[in-house]
2 protein chains.
Amino acid sequence: MMKRAAASKKKTRIQAKNEQKILDAALAVFSQFGFRGSTIDQIADHAQLSKPNVLYYFRGKQDIYVRLLQQTLDHWLAPLSELDPDGDPVDQIVKYTMIKLEMSRKNPEASRLFANEMLQGAAMIGDVLKGDLKALVDEKASVIKLWADRGEIAKVDPYHLIFMIWATTQHYADFDTQIRSVLGATYNKDRCFLDAQSTITSILVNGLKVQ
Amino acid sequence: MMKRAAASKKKTRIQAKNEQKILDAALAVFSQFGFRGSTIDQIADHAQLSKPNVLYYFRGKQDIYVRLLQQTLDHWLAPLSELDPDGDPVDQIVKYTMIKLEMSRKNPEASRLFANEMLQGAAMIGDVLKGDLKALVDEKASVIKLWADRGEIAKVDPYHLIFMIWATTQHYADFDTQIRSVLGATYNKDRCFLDAQSTITSILVNGLKVQ
DNA sequence: AATATTATTGACCGTTTGGTCAGGTTTCTA
DNA sequence: TAGAAACCTGACCAAACGGTCAATAATATT
């Protein structure tokens with residue numbers, strides 16, 4: 001009789017398993033079609049569950065979407081907080097960039113999920129962007145600014161440097177289709193990411209060198 | 001009685017006007033929600049026309065979408081063909097980058113339209129990507145490779161340099177929401193693009209310098 | 001083994017969606 | 001200015017959509 005709704009009781013074996021199946025399916029679907037373009041039926045099919053069964057575990061489409069975003073968001077933004085003010089500036093920036101690139105390779109769907117959310121105006125996570133994300137970026141931007149002021153890296157706007165890193169790395173997940181098409185029939189994923197790695201590193205290292 | 005379908009007759013005044021109204025509306029809607037997330041009703045509302053009237057000018061939702069993509073595609077990819085093999089390498093690359101950045105500012109919806117199409121797997125323009133786009137990129141990549149081989153710019157993979165330029169510039173259109181949130185309440189569009197311009201230019205110019 | 005809880009589903013509901021169509025109105029053309 | 005062509009719309013349709021619910025099946029607890 002107890003609805004698993006407000007006060008979270010202990011999760012059953014089946015509940016934990018099925019909720020994760022649904023969230024996995026939802027990631028595949030939402031990351032491709034965005035919130036509005038996705039349907040519960042698609043998610044149910046992908047999770048190999050009936051639609052009513054999906055709605056037994058989640059209150060509705062939006063509930064799935066929000067929970068998925070929450071689950072993915074922290075993990076996706078985490079690396080930035082590891083940018084170490086006491087480390088070697090260029091090393092730290094390059095290391096962060098490479099971690100982000102690796103994430104785009106390992107979990108492109110997460111990247112596309114956020115890309116879709118941004119394109120649709122970030123209706124669901126606008127507050128997080130203006131809150132936690134902004135705070136974290138502000139903090140790390142001031143670290144980068146310090147490095148620049150000290151003359152340890154070139155004088156660049158720290159915010160736009162971060163944007164450039166985000167853009168460059170996430171591009172390999174979000175525009176995967178385009179990249180495959182342009183690189184042609186001989187496309188090889190590992191090769192592509194290795195080339196990306198050396199190109200980005202090279203431009204970033206030289207680009208940040210004090211003149 | 002003549003259906004405006006196969007052999008294109010002369011366009012009436014009203015036809016030209018309304019088709020453009022519809023395509024303008026479609027750009028606004030499709031660029032935000034992608035093909036699947038958008039509805040004809042939304043487009044009709046935005047164009048201030050009735051739904052049946054929209055379908056009087058276009059055969060269906062997909063017809064609007066494809067015509068819109070075709071109309072926008074050429075314009076969006078054009079600048080790359082102006083990359084001049086006989087110009088100064090760094091100048092040419094920076095100039096191209098700045099044109100792309102300017103396009104992201106002037107026509108962010110076009111950028112988001114393509115971003116959505118890519119995220120959804122480029123079902124409608126996959127052939128164009130593998131055809132015209134690939135051919136153009138191949139051509140210009142070989143130009144950049146020549147510059148690198150001659151030692152006029154740093155040795156970087158030309159394809160990934162182009163990806164980096166696309167990513168960095170389009171980011172300002174596609175992730176506009178995120179950028180606004182992170183830059184906070186004092187956000188100013190002109191200021192943002194000026195800072196972006198100098199940051200990207202700086203990193204690119206130094207990054208491409210021969211060591 | 002009996003019982004309480006959790007899990008699952010077919011059938012269903014109201015709404016939205018892409019699209020059609022008959023018929024009326026406006027605009028063009030001779 | 002009359003007729004032809006182009007334009008526009010209310011009413012409609014079938015399918016897809018988000019979501020509900022009563023009833024049944026599986027599992028856990030005692």
Using atom OH of A/Tyr57 as one end and atom P of D/dG19 as the other, report the distance to the nearest whole Å. 18 Å

Salt bridge A/Glu109-A/Arg112, side-chain N to carboxylate O under 4.0 Å: no

Shortest non-hydrogen contact from B/Thr97 toward B/Thr169: O-CG2, 3.5 Å

Atom CZ of B/Phe35 and atom C1' of C/dT17 are separated, to the nearest Å, by 12 Å

Would you say C/dT6 has OP1 or OP2 under 4.0 Å from some side-chain N or O of A/Gln15? no

Looking only at the side chains, is there a donor atom on one of B/Arg105 and B/Gln197 sitting less than 3.5 Å from an acceptor on the other? no

In whole angstroms, how far is the C1' atom of C/dA11 from the CG atom of A/Leu55? 15 Å

Roughly, in whole Å, what's the span from NZ in A/Lys11 to C1' in C/dT5? 18 Å

Does a side-chain N or O of B/Thr12 approach OP1 or OP2 of C/dC28 to a distance below 4.0 Å, or not? no

Determine the interplanar angle of the B/His160 and A/Tyr172 rings, folded into 0 to 90°, and report it as parallel if under 30°, tilted if 30 to 60°, perpendicular if over 60°. parallel

Rounded distance in Å - CG (B/Asn53) to C1' (D/dA11): 16 Å

Looking only at C/dG19, C/dG10, D/dG18, the nucleotide nearest the A/Lys61 side chain is D/dG18

Could you check whether the rings of A/Phe30 and A/Phe35 sit parallel, tilted or perpendicular, using 30° and 60° as the cut-offs? parallel

Considering just the side-chain nitrogens and oxygens of A/Arg13, establish if one lies under 4.0 Å of OP1 or OP2 belonging to C/dT6. no

Please state how far atom CD1 in A/Ile64 lies from atom C1' in D/dC17, giving the value in whole angstrom units. 14 Å

Evaluate the ring planes of A/Trp76 and A/Phe114, with Trp represented by its six-membered ring, and classify them as parallel (under 30°), tilted (30 to 60°) or perpendicular (over 60°). tilted

Has B/Asn18 got a side-chain N or O lying under 4.0 Å from the OP1 or OP2 atom of D/dC8? yes

Spacing between B/Ile14 atom CD1 and D/dC7 atom P, to the nearest angstrom: 6 Å

Whole angstrom is fine here: how far is it from CZ in A/Phe33 over to P in D/dC17? 11 Å

Do B/Phe58 and B/Leu68 pass the side chain to side chain contact (heavy atoms under 4.5 Å, CB included) test, and can you show the C-alpha distance, the side-chain angles, and the key distance before you say yes or no? CA-CA 11 Å; B/Phe58 292 86; B/Leu68 176 63; over 6 Å; no

What are the residues of residues 36-51 of chain A, sorted by number, that bring a heavy atom to within less than 4.0 Å of DNA chain D? A/Ser38, A/Thr39, A/Ile40, A/Lys51

Under 4.0 angstrom between A/Tyr56 side-chain N/O and C/dT8 OP1 or OP2: no

